[in-house]
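Residue numbers run from 1 in the order of the sequence given. Every heavy atom of this structure was used, including side-chain atoms; hydrogens, water molecules and symmetry mates were not. Note that ligands are numbered from 1 as they come in the structure, with each ligand's atoms numbered from 1 the same way.
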Amino acid sequence: MPDFKDEDSHEVFHNRNEGSVPSERLAFTGRIAAGIAHEIRNPLSNVSMSVQQLKKAFTEDSPWAKHIEVIIRNTERINFLITELINSARPPKLNIQAHDIKSILENTLDSIKTKLVSQQIEVYKQYYPGFSVIHADKEQISRAFSNIMLNALESMPDGGSLTIATEIKGDFFTVKIQDTGEGIPEEDIIRIFDPFFSTKSSGVGLGLSICYGIVVSHGGIIGVENETNKGTIFTISLPII
Ligand SMILES: Nc1ncnc2c1ncn2[C@@H]1O[C@H](COP(=O)(O)OP(=O)(O)O)[C@@H](O)[C@H]1O
Ligand SMILES: [Mg+2]
């Protein structure tokens with residue numbers, strides 16, 4: 001009998017391979033967190049409005065002015081984080097149009113070109129040769145791809161290779177994004193889609209939970225295959241129609 005963690009990580013692979021509905025369990029922490037974030041929003045906006053009023057009572061050279069600025073900066077930061085968190089559980093209304101998946105991937109690669117060059121990352125592309133149109137919100141799907149590609153880059157600080165492959169599997173278009181980085185330790189794999197899970201010193205830990213929300217809201221599936229020290233493959237499957 002596998003232990004709890006094995007069973008969970010198996011579920012991730014199972015969903016990817018079978019093309020079934022993704023595990024509700026994976027999204028559970030995200031939904032709880034988003035619920036809490038909603039509750040934080042109102043009192044936070046009261047704090048924010050009050051401190052803006054308070055700011056008017058002090059001149060810029062007052063010794064209290066810097067404390068007011070600290071409160072403003074931090075309320076803005078909290079507001080940003082909870083907005084991202086809420087959007088990760090329920091992305092904004094989708095603007096679905098027909099798009100060529102290759103051109104979305106090319107644009108995404110283009111947007112991270114400077115980083116690819118400076119980190120000496122080789123890019124390999126294995127695009128499905130035929131018609132590759134998906135119905136998707138271009139902005140949102142690009143955001144999901146770019147979050148995954150940026151993670152891939154961050155896992156290869158000393159260079160490596162990034163492979164982007166697309167293919168058709170049943171009713172799904174699959175996009176595989178593979179790196180040759182450090183991989184994900186076995187015990188972390190079930191947590192990587194949780195909001196605020198990060199192993200990076202300056203990581204926010206929302207990238208993958210945002211990806212998860214975007215892909216699921218498109219009726220798609222996101223999965224991960226991983227080997228520590230050999231790299232990671234993220235697979236995003238999106239319905240063709
Ligand atoms: N390609 C990858 N290689 C290794 N670890 C990864 C990769 N992608 C994600 N991870 C792990 O998943 C965690 C969560 O990723 P993410 O949600 O994007 O947050 P962040 O990038 O801010 O840490 C990362 O901190 C890292 O531990
Ligand atoms: Mg990230």
| Within the distance-only criterion (no hydrogens, no angle test), does the side chain of D188 pair as donor or acceptor with the backbone N or O of I184 below 3.5 angstrom? | no
| query | Counting heavy atoms only, which part of S155 comes closer than 4.0 Å to ligand 1: side chain, backbone, both or neither? | reply | side chain
| request: Consider only side-chain N and O atoms of T108 and R143, and report whether a donor and an acceptor are under 3.5 Å apart. | output: no
| request: Could you walk me through whether E84 and R77 pass the salt bridge (Lys or Arg N to Asp or Glu O under 4.0 Å) test, one step at a time? | output: CA-CA 11 Å; E84 290 287 271; R77 176 78 180 150; over 6 Å; no
| request: Identify, for atom 16 (P) of ligand 1, the protein heavy atom at the shortest distance, and state residue, atom and that distance. | output: L208 N, 3.7 Å
| task | List the steps and the verdict of side chain to side chain contact (heavy atoms under 4.5 Å, CB included) for V175 and L105. | result | CA-CA 9 Å; V175 178; L105 286 166; 4.0 Å; yes
| Numbering as shown, the atoms of ligand 1 that approach G205 to under 4.0 Å (heavy-atom distance) | 17 (O), 19 (O), 20 (P), 22 (O)
| message | When you measure from the heavy atoms of V204 to every atom of ligand 1, does any distance fall below 4.0 Å? | response | yes
| request: Under 4.0 Å, heavy atoms only, figure out whether ligand 1 is touched by the backbone of F193, its side chain, both or neither. | output: neither
| query | What protein heavy atom is closest to atom 18 (O) of ligand 1, reported as residue, atom name and distance in Å? | reply | N151 ND2, 2.8 Å
| Using a distance threshold of 2.8 Å, what protein N/O/S atoms lie below it relative to the Mg ion (ligand 2)? | N151 OD1
| said: Taking 4.0 Å as the limit for heavy-atom contacts, which would you say applies to T232 with ligand 1: side chain only, backbone only, both, or neither? | reply: side chain
| task | Just jot down the ligand 1 atoms closer than 4.0 angstrom to any heavy atom of G203, in number order. | result | 22 (O)
| query | Can a non-hydrogen atom of I184 be found less than 4.0 Å from any atom of ligand 1? | reply | yes
| message | When you measure from the side chain of T174 to the backbone of S237, do you find a donor-acceptor pair of N or O atoms at a distance under 3.5 Å? | response | no
| field | Donor-acceptor under 3.5 Å (T180 side chain, S161 main chain) | value | yes
| query | Please state which protein non-hydrogen atom is closest to atom 1 (N) of ligand 1 and give its distance, to 0.1 Å? | reply | D179 OD2, 2.8 Å
| said: Run Q97 and D137 through side chain to side chain contact (heavy atoms under 4.5 Å, CB included) and show every step you take. | reply: CA-CA 6 Å; Q97 313 242 330; D137 183 316; over 6 Å; no
| task | Would you check if there is a donor-acceptor pair between the side chains of N107 and K102 at a distance under 3.5 Å? | result | no
| message | Students often mix this up, so state it plainly: with edges at 30° and 60°, are the rings of F173 and Y128 parallel, tilted or perpendicular? | response | perpendicular
| Is it true that a side-chain atom of Q119 and a backbone atom of M156 form a donor plus acceptor pair closer than 3.5 Å? | yes
| task | Distance to 0.1 Å, residue and atom name: give those for the protein heavy atom nearest to atom 14 (C) of ligand 1. | result | F197 O, 3.2 Å
| message | I want to check something: taking the side chain as every heavy atom from C-beta on, are N226 and E186 in contact at a cut-off of under 4.5 Å? | response | no
| note | Closest to atom 23 (O) of ligand 1 (heavy atoms only, candidates S198, G181, G207) is S198
| Is there a donor-acceptor contact under 3.5 Å from the side chain of D179 to the main chain of T232? | yes
| task | Could you tell me whether a side-chain N or O of S50 sits under 3.5 Å from a main-chain N or O of V47, the two making a donor and an acceptor? | result | no
| Residue, atom name and distance, where the atom is the protein heavy atom closest to atom 12 (O) of ligand 1 | I192 CG2, 3.4 Å
| task | May I ask you to identify, for I148, whether its side chain, its backbone, both or neither come under 4.0 Å of ligand 1 on a heavy-atom basis? | result | neither
| query | Name the one of I148, I214, L238 that satisfies side chain to side chain contact (heavy atoms under 4.5 Å, CB included) with I222? | reply | I148
| query | Out of E182, E154, M149, K200, who gets a non-hydrogen atom closest to atom 24 (C) of ligand 1? | reply | K200
| remark: closest protein heavy atom to atom 26 (C) of ligand 1 is T199 OG1, 3.4 Å
